[in-house]
Amino acid sequence: MSLARVHNFSVSLDGFATGEGLSREAPFGHAGERLHQWMFATRWWHERSGDAGGTSGADDVFVRRFEPGIGAEIMGAGKYGYPGWHEDPEWKGWWGPNPPFHTPTFVLTRHTRPPLAMEGGTTFHFLDASPSDALKTAREAAGGKDVRIGGGATVIREFLAARLIDHLHVVVVPIVLGRGVRLWDGLEGLERDYAVDTVTTSSGVTHLTFEHTAR
């Protein structure tokens with residue numbers, strides 16, 4: 001069976017994956033882009049942006065694992081758009097005409113709408129489904145490849161609570177946000193079902209990888 005994977009999911013020292021006050025103008029609320037500066041510095045990010053340079057150390061190695069072997073993505077409504085996006089029939093996500101997913105992408109929302117085909121192979125499908133049903137649908141669409149669980153924190157927490165995630169990569173960024181949406185709430189004892197490894201890099205972030213031990 002294909003795996004359910006999470007990659008490059010950044011949280012603060014106090015466990016927040018996004019700040020407070022999300023809006024169309026502030027996709028991560030008061031956190032701004034501070035959770036993702038480590039990624040922006042990598043060679044991978046520079047290549048995707050058409051720029052030269054960037055770091056080539058461990059951060060770059062981790063960030064490049066985002067794409068290989070992925071055949072579908074699942075994300076929450078809060079990752080797809082700002083609060084209230086469902087009331088805007090013209091909203092097509094944050095990423096412009098060619099989103100970075102290039103696979104069938106399933107948005108979990110109570111406000112369903114017809115599928116939306118974008119450039120580059122991304123088609124957004126809007127599902128009102130449980131984590132297990134959504135994962136089953138995404139696996140069928142993935143054609144034997146793995147499914148990426150893209151966030152946000154609430155969606156990843158729900159999949160972790162059901163032990164549906166096989167590989168989890170979390171990046172702990174050395175900032176304190178104090179408020180927002182936390183990843184770890186309600187997941188006491190998670191480490192008993194996962195083998196956990198850590199790598200701290202020169203950028204100051206710590207990469208945590210969780211591998212489900214029952215798979």
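Heavy-atom basis, side chains included; hydrogens, waters and symmetry copies ignored.
Of all the heavy atoms in Gly186 and Glu188, the pair that sits closest is C-OE1, 3.1 Å. Nearest heavy-atom pair across Leu108 and Ala129 is CD2-O, 4.3 Å. Minimum interatomic distance between Leu13 and Val172 (heavy atoms only, all atoms of both residues): CD2-CG1, 3.9 Å. When every heavy atom of Ala58 is checked against every heavy atom of Thr201, the shortest pair comes out as CB-CG2, 3.7 Å. Scanning all heavy atoms of the two residues, the minimum distance from Leu177 to Ile175 falls at CD2-CD1, 3.9 Å. Here the closest heavy-atom approach between residue Arg163 and residue Tyr194 is recorded as CD-CE1, 3.9 Å.
Grouping the Ile, Leu, Val, Met, Phe, Trp and Tyr side chains by contacts below 4.5 angstrom, directly or via other members, places Val171 apart from Leu168. The hydrophobic clustering, which links ILVMFWY residues whose side-chain heavy atoms are closer than 4.5 Å, places Val61 and Met39 apart. Connection of Phe159 to Leu183 is established within a shared hydrophobic cluster, with ILVMFWY side chains joined at heavy-atom distances below 4.5 Å, either directly or through further cluster members. There is a path of hydrophobic side-chain contacts, each under 4.5 Å, that joins Val107 to Tyr82. Linking Ile, Leu, Val, Met, Phe, Trp and Tyr whenever their side-chain heavy atoms come within less than 4.5 Å leaves Leu187 and Phe16 in two separate clusters.
Using modelled atom types, one side-chain atom of Trp85 and one backbone atom of Ala77 make a donor-acceptor pair closer than 3.5 Å. Of the possible polar contacts, none joining the Thr55 side chain to the Gly57 backbone as a donor-acceptor pair under 3.5 Å is found. Remark: the backbone N or O of His102 is paired with a side-chain donor or acceptor of Thr122 at under 3.5 angstrom. Although no hydrogens or angles enter the test, the distance criterion places no donor-acceptor pair under 3.5 Å between the side chain of Asp146 and the main chain of Ile70. Formation of a donor-acceptor pair under 3.5 Å by the Ser2 side chain with backbone atoms of Lys145 is found in this model. With Thr109 contributing its side chain and His111 its backbone, the two residues share a donor-acceptor pair below 3.5 Å.
Under the ring-ring contact (aromatic ring centres under 6.0 Å, His included) test applied with Tyr80, the options Phe106, Trp94, Phe126, Phe101 reduce to a single match, Phe126. With Val181 as the partner, the side-chain contact (heavy atoms from CB on, under 4.5 Å) test is satisfied by one option alone out of Val11, Thr18, Leu22: Thr18. Applying the side-chain contact (heavy atoms from CB on, under 4.5 Å) test between Thr209 and each of Asp197, Val199, Thr198 identifies Asp197 as the sole match. Each of Leu190, Leu135, Ile156 was checked for a side-chain contact (heavy atoms from CB on, under 4.5 Å) with Ile165, and the lone residue meeting it is Ile156. Of the candidates Glu119, Met118, Glu73, Lys92, Pro99 forms a side-chain contact (heavy atoms from CB on, under 4.5 Å) with just one, namely Met118.
How far OG of Ser56 is from CH2 of Trp44: 15.5 Å, rounded to the nearest 0.5 Å. Note that CD of Glu191 is 8.0 Å distant from CZ of Phe210, once rounded to the nearest 0.5 Å. The CZ atom of Arg5 sits 11.0 Å away from the CD1 atom of Ile149 when rounded to the nearest 0.5 Å. The CE atom of Met1 sits 9.0 Å away from atom CG of Asp166, with the distance rounded to the nearest 0.5 Å. Atoms CG and CG, from Leu164 and Leu160 in turn, are 9.0 Å apart once rounded to the nearest 0.5 Å. To the nearest 0.5 Å, atoms OG (Ser10) and CG (Leu35) are separated by 6.0 Å.
Side-chain contact between Asp59 and Ser203 is present, with heavy atoms from C-beta onward closer than 4.5 Å. A 4.5 Å side-chain heavy-atom check between Arg64 and Arg43 finds at least one atom pair inside the cut-off. Looking at heavy atoms from C-beta onward, Val155 lies out of side-chain contact with Lys79 at the 4.5 angstrom threshold. Contact annotation: the side chain of Pro100 approaches that of Arg48 to within less than 4.5 Å [non-hydrogen atoms, C-beta and beyond]. Contact annotation: the side chain of Trp38 approaches that of Val63 to within less than 4.5 Å [non-hydrogen atoms, C-beta and beyond]. Contact of the Leu3 side chain with the Val147 side chain is not registered, since no non-hydrogen atoms from C-beta on lie closer than 4.5 Å. Inter-residue side-chain proximity for Pro174 and Val205 is flagged as met; some heavy-atom pair is nearer than 4.5 Å.
A donor and an acceptor atom, one from each side chain of Asp14 and Ser12, are located under 3.5 Å apart. For the residue pair Thr200/Thr206, the side-chain donor-acceptor check at 3.5 Å is satisfied.
Between His36 and Phe28, the distance separating the two ring centers is shorter than 6.0 angstrom. Remark: aromatic rings of His207 and His169 are close, center separation under 6.0 Å.
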Step-by-step side-chain contact (heavy atoms from CB on, under 4.5 Å) determination, His30 to Arg34: CA-CA 9 Å; His30 83 287; Arg34 287 181 290 162; 4.1 Å; yes

side-chain contact (heavy atoms from CB on, under 4.5 Å) between His7 and His167, worked out: CA-CA 8 Å; His7 291 278; His167 172 88; 3.7 Å; yes

Verdict with supporting geometry, Trp91 and Leu116, side-chain contact (heavy atoms from CB on, under 4.5 Å): CA-CA 10 Å; Trp91 181 255; Leu116 177 61; over 6 Å; no

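In summary, Asp185 and Arg182 engage in a salt bridge, as defined by a charged side-chain N under 4.0 Å from a carboxylate O. Ionic pairing of Asp88 and Arg24 is present here: one or more N-O contacts between side-chain nitrogen and carboxylate oxygen are shorter than 4.0 angstrom. Ion pairing of Arg110 with Asp128 is absent here, as no side-chain N (NZ or NE/NH1/NH2) approaches a carboxylate O to less than 4.0 Å.
Taking the ring centre of Phe62 as origin, the terminal cationic atom of Arg65 falls inside the region bounded by 6.0 Å and 45° from the ring axis. In this structure, Arg148 satisfies the cation-pi test against Phe66, with its NZ or CZ atom closer than 6.0 Å to the six-membered ring centre and inside 45 degrees of the ring normal.
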